Amino acid sequence: MLVSSCWARISSRTCFWAELIRYAHGRAAARTLSIIKPDATRRDLTGQINARFEAAGLRIVAQRRLQLTRPQAEAFYAVHKERPFYRSLCEFMTSGPVVVQVLEGENAIAKNREVMGATDPAKADPGTIRKDFAESIEANSAHGSDAPETAAYEIPFFFAEVDIVG
Ligand code: CMP
C-alpha cells in the first residue's frame, strides 16, 4: 500500500516534469525567424509573401523593416563565413531593406521551410515562395531558421521577448 502510494507520487511528479519539458520544447520549436530579403522588398512582395505565411498557419508575431548594416549581416551569417558566397551574400543582404519577422505556429520551422521551398529556386517545388519569386540562389527572397538551435540564435538577434506578441 505504502509502496504503491509512493510510486504514484513519484510517477505523477515525473509526469509533471516530463510534461513541462515537452511544453517548453514545443513552445521553443513553435517559433522561427524569417527574413524577407532585399530582392523581394525591392519588388514590393512583402504583402504577398506574408499572405502565404498566414495561409499556411504561420502567425506573424513580430515584424520590423530595417536596413542591415555590414557588421550585422556578417554576424547573422557568420556560420557561412568560410563559404565562397559569404562576401557576396553579405553585400546582397545590405543592398536594400529587409523585413525581419518571427513566425509562430505548429512545427513553425519545418512549415516555414516548406512554404519557402529549396534554397535554389531551380530546385524549389511549384507554389513555393522561392520558386515563384526568387531571382537566384543568392537573391532567393526569403530566409528561415533551419533548426531550433538556429532559431534560438536568430530570433534574439533582432527581437527582445517583449517585441514578440503571440
Ligand atoms: P538563406 O536561407 O538565407 O541561408 C544562407 C544564404 O546563402 C541562402 O539563403 C542564399 O541566399 C545564400 N546561398 C546559399 N548557397 C549559395 C550559393 N551556392 N551561392 C550563392 N548564395 C548562396
Side-chain angles (χ1 to χ4, degrees), residues 25-161 163-164 166:
H25 179 74
R27 283 197 53 88
R31 285 179 178 170
T32 189
L33 191 277
S34 162
I35 305 180
I36 301 178
K37 296 188 178 185
D39 66 288
T41 60
R42 182 168 38 79
R43 289 174 288 152
D44 292 324
L45 294 170
T46 301
Q48 288 186 62
I49 291 174
N50 279 350
R52 292 184 182 213
F53 292 144
E54 291 181 340
L58 291 166
R59 175 171 292 145
I60 301 159
V61 293
Q63 179 166 261
R64 203 160 82 241
R65 183 177 170 103
L66 56 90
Q67 174 82 41
L68 280 174
T69 64
R70 188 66 187 233
Q72 275 178 319
E74 287 175 356
F76 185 81
Y77 280 118
V79 68
H80 296 303
K81 209 176 171 107
E82 306 307 325
R83 309 287 282 274
F85 56 80
Y86 177 67
R87 240 178 106 88
S88 168
L89 174 62
C90 293
E91 196 109 327
F92 162 65
M93 289 300 288
T94 54
S95 68
V98 296
V99 177
V100 295
Q101 45 194 191
V102 179
L103 306 179
E104 187 177 84
E106 214 173 298
N107 299 316
I109 293 171
K111 173 64 72 180
N112 183 33
R113 293 178 69 73
E114 197 183 304
V115 174
M116 285 192 304
T119 305
D120 181 353
K123 296 180 184 148
D125 287 337
T128 60
I129 289 170
R130 284 162 168 169
K131 184 67 173 185
D132 293 346
F133 300 131
E135 294 180 329
S136 66
I137 192 168
E138 178 177 83
N140 61 356
S141 301
H143 164 84
S145 309
D146 63 5
E149 311 79 59
T150 321
Y153 170 73
E154 293 183 346
I155 292 173
F157 193 95
F158 292 108
F159 296 100
E161 192 58 36
D163 297 326
I164 305 170

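Start at 1 and go down the list; that is how both ligands and their atoms are numbered. All values derive from a computational prediction rather than experimental measurement.
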Q) Would Arg130 and Asp120 pass as an ion pair if we require N to O under 4.0 Å? A) no
Q) Between Arg42 and Glu135, does at least one N-O distance fall below 4.0 Å, as a salt bridge requires? A) yes
Q) Any nitrogen or oxygen of Lys37, main chain or side chain, under 3.5 Å from a nitrogen or oxygen of ligand 1? A) yes
Q: If you have a sec, work out which protein heavy atom is nearest atom 5 (C) of ligand 1 and how many Å separate them, to one decimal?
A: His80 NE2, 3.5 Å
Q: Test the Arg64-Phe158 pair against the cation-pi criterion, namely NZ or CZ under 6.0 angstrom from the six-membered ring centroid and within 45° of the ring axis.
A: no
Q. Should Arg130 be listed as contacting ligand 1, given a heavy-atom distance under 4.0 Å as the test?
A. yes
Q.
Among all the protein's non-hydrogen atoms, which is closest to atom 10 (C) of ligand 1, and how far away is it?
A. Ile137 O, 3.2 Å
(Q) I'd like to know if Glu161 and Arg31 make a salt bridge, using a cut-off of under 4.0 Å between side-chain N and carboxylate O. (A) yes
Q | Contact partition for Met93 relative to ligand 1, non-hydrogen atoms under 4.0 Å | A | neither
Q | Gln101 and Asn50 side chains, donor-acceptor separation under 3.5 Å | A | yes
**Q.** Carboxylate-amine/guanidinium contact Arg70 Glu74, below 4.0 Å
**A.** yes
Q.
Students should be able to answer this: which protein heavy-atom is nearest to atom 14 (C) of ligand 1, and at what distance?
A. Phe85 CZ, 3.6 Å
Q) In the protein, which heavy atom is nearest to atom 6 (C) of ligand 1, and how far is it? A) Leu89 CD2, 3.7 Å
Q) Are Tyr77 and ligand 1 in contact, using a heavy-atom cut-off of under 4.0 Å? A) yes
